[in-house]
Amino acid sequence: MTSQFRPALVLLLALTLLCGGVYPLLVTGAGKLVFPAQAAGSLIAEGGKLRGSSLIGQPFSSPRYFWGRPSATAPMPYNAAGSSGSNQGPLNPALVEAVKGRIDALHAADPANKAPVPVDLVTASASGLDPEISPAAILYQLGRVARARGIAPASLQELVGRHTRQPLLGMFGEARVNVLELNLALDRYFPVR
């Protein structure tokens, strides 16, 4: 029995050290060397103050900011520790009511806007943390943000264009805009008076 126990214990300790210590340190070191910003959480700091991460959505409710995709995380929106979707199917009455409520809130915030509401402004993503929305969702909100900041929509549209990421190699994925990065640029270029 001891002839089998000792090699098994040595193998357990060796694999624990290799898989639980050496490998994670090696991968972490390589990540920090090759992708330092991403390995640190893609954090965005301005003026020495941490503003958020470009990988996690942030709540914005003021009319002078673009609003991101709704979050279904609990107990609060955009809770990175509770990443999850609502798991409500398209025929679920609770989802239908939530979407209607979000559409009503968008119409109340900008009553003159009669354009169709983009789907990503009224439905939560699978993670509940999506930091990006479609250019259509940004353009839907452009008039409201321009009026709230007292600027010409054309100036704002140019800023949006600079922050729109195109599909990888022109064909993988869709065009998208990071809401936090765009809102921080709004404050830099068009501060509220």
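Put simply, the side chain of I44 reaches to within 4.5 Å of the side chain of E181, judged on heavy atoms. Taking 4.5 Å as the limit, every side-chain heavy atom of F5 sits out of range of all side-chain heavy atoms of V10. Between Y65 and R149 there is a side-chain heavy-atom pair separated by less than 4.5 Å. When side chains are defined from C-beta on, I56 does not count as touching P131, because their heavy atoms never get closer than 4.5 Å. Two residues are said to be in side-chain contact when any heavy atoms from C-beta on lie closer than 4.5 Å; F66 and V177 fail this criterion. Inter-residue side-chain proximity for W67 and Q141 is flagged as met; some heavy-atom pair is nearer than 4.5 Å. The side-chain heavy atoms of V117 and H107, taken from C-beta on, include a pair separated by under 4.5 Å. Counting heavy atoms from C-beta outward, P93 and V96 have side chains that stay 4.5 Å or more apart.
F60 CZ: more than 12 foreign heavy atoms inside a 6.0 Å radius. Counting heavy atoms of neighbouring residues, nucleotides and ligands inside a 6.0 Å radius, atom CZ of R6 does not exceed 12 of them. Counting heavy atoms of neighbouring residues, nucleotides and ligands inside a 6.0 Å radius, atom CD of Q4 does not exceed 12 of them.
Under a 3.5 Å cut-off, the side chain of S42 and the backbone N or O of L55 do not form any donor-acceptor pair. T73 places a side-chain N or O within donor-acceptor distance of the main-chain N or O of M76, the cut-off being under 3.5 Å. S53 places a side-chain N or O within donor-acceptor distance of the main-chain N or O of G41, the cut-off being under 3.5 Å.
Between D120 and S134, the side chains place a donor N or O and an acceptor N or O closer than 3.5 Å (distance only, hydrogens not considered). There is no side-chain donor-acceptor pair under 3.5 Å between R102 and T123.
Counting all heavy atoms, side chain and backbone alike, N92 lies closest to A94 at OD1-N, 2.8 Å. When all heavy atoms are compared, the tightest approach of Q166 to A175 is OE1-CB, 4.0 Å. Minimum heavy-atom separation, P24 to L18: CD-O, 4.2 Å. Between V122 and V99, the shortest heavy-atom contact is O-CG2, 3.5 Å. The two residues T164 and P135 come nearest to each other via the heavy atoms CG2-CG, 3.9 Å. The shortest non-hydrogen separation linking A115 to Y140 is O-CE1, 3.4 Å.
Atom CD1 of I151 sits about 6.5 Å away from atom CG of L186, to the nearest 0.5 Å. Rounding to the nearest 0.5 Å gives a distance of 16.0 Å between CZ of R147 and CZ of R64. To the nearest 0.5 Å, the span separating CG on L11 from OG1 on T16 amounts to 9.0 Å. Annotation: the span from I133 atom CD1 to R69 atom CZ amounts to 9.5 Å, rounded to 0.5 Å. The CG atom of L121 lies 8.0 Å from the CD1 atom of I138; values are rounded to the nearest 0.5 Å. We find the OG-OH distance between S127 and Y78 to be 10.0 Å, quoted to the nearest 0.5 Å.
With respect to D130 and R176, no salt bridge is recorded, no charged nitrogen being found less than 4.0 Å from a carboxylate O. Note on E132 versus R165: salt bridge recorded, some NZ/NE/NH1/NH2 to OD/OE distance being below 4.0 Å.
At a threshold of 4.5 Å between side-chain heavy atoms, the hydrophobic network of Ile, Leu, Val, Met, Phe, Trp and Tyr places L139 and I103 in one connected group. Grouping the Ile, Leu, Val, Met, Phe, Trp and Tyr side chains by contacts below 4.5 angstrom, directly or via other members, places L25 apart from V22. Transitive grouping of hydrophobic side chains (ILVMFWY, heavy atoms separated by less than 4.5 Å) brings Y189 and V179 into a common cluster.
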